[in-house]
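Down below is the structure, laid out as structure tokens.
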Amino acid sequence: MALNKNLWFTGILNKFYETLVQERISGGKEMTEEKNKKTPRPPQMSPYVFTALLMGFGLWCFWDGWITTDPEMQKHALFNKVLSGVLIPWAVWDFFKVKKTYKKK
């Protein structure tokens, strides 16, 4: 029973993520013609901003968890090691996901 709920929740998260990626790549092209004529379009943000933030925080956690010799950071080392192990692969996955979706457009 719990497995089915987790699969259902994962499906919803995947749909939400797909929608988020589509919105980042499309830059709001779903606007109607009337609204587009009335207001100037804001500058489009790169779809790779989220990916860069993930990678930046992941590398920061990697430094604090694995490389630094600061004794004050040793009490946070496990947290930083785990977080770097999550954020860096997520950034790589997000990069290829956005690149693949961007190529389709």
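Here CG of Leu87 is found 7.0 Å from CH2 of Trp90. Values are rounded to the nearest 0.5 Å. Between atom CG of residue Asn80 and atom NZ of residue Lys75 there is a gap of 12.5 Å, rounded to the nearest 0.5 Å. How far CG of Leu83 is from CH2 of Trp60: 10.5 Å, rounded to the nearest 0.5 Å. Atom NE2 of His76 sits about 9.5 Å away from atom CG of Asp70, to the nearest 0.5 Å. In this structure, CD in Gln74 is found 10.0 Å from CD in Glu72, a value given to the nearest 0.5 Å.
The shortest heavy-atom contact between Ala91 and Thr51 is O-CG2, 3.3 Å. The heavy-atom pair separating Ser84 from Gly58 by the smallest distance is CB-O, 3.5 Å.
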Using the side-chain contact (heavy atoms from CB on, under 4.5 Å) rule, take Phe50 and Leu54 through it: C-alpha gap first, then chi angles, then the decisive distance, then the call.
CA-CA 6 Å; Phe50 182 67; Leu54 283 175; 3.5 Å; yes

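Under the 4.5 Å side-chain heavy-atom criterion for Ile, Leu, Val, Met, Phe, Trp and Tyr, Val82 and Trp66 are members of distinct hydrophobic clusters. The cluster map of Ile, Leu, Val, Met, Phe, Trp and Tyr, joined by side-chain heavy atoms under 4.5 Å apart, puts Ile67 and Met73 in different clusters. Under a hydrophobic-cluster definition in which Ile, Leu, Val, Met, Phe, Trp and Tyr are linked whenever side-chain heavy atoms come within less than 4.5 Å, directly or via other members, Phe96 and Met55 are assigned to the same cluster. When the side chains of ILVMFWY residues are joined at heavy-atom separations under 4.5 Å, either directly or via intervening members, Phe57 and Val86 end up in two distinct hydrophobic clusters.
Below 30°, between 30° and 60°, or above 60°: for Tyr48 and Tyr102 the angle between ring planes is above 60°, a perpendicular geometry.
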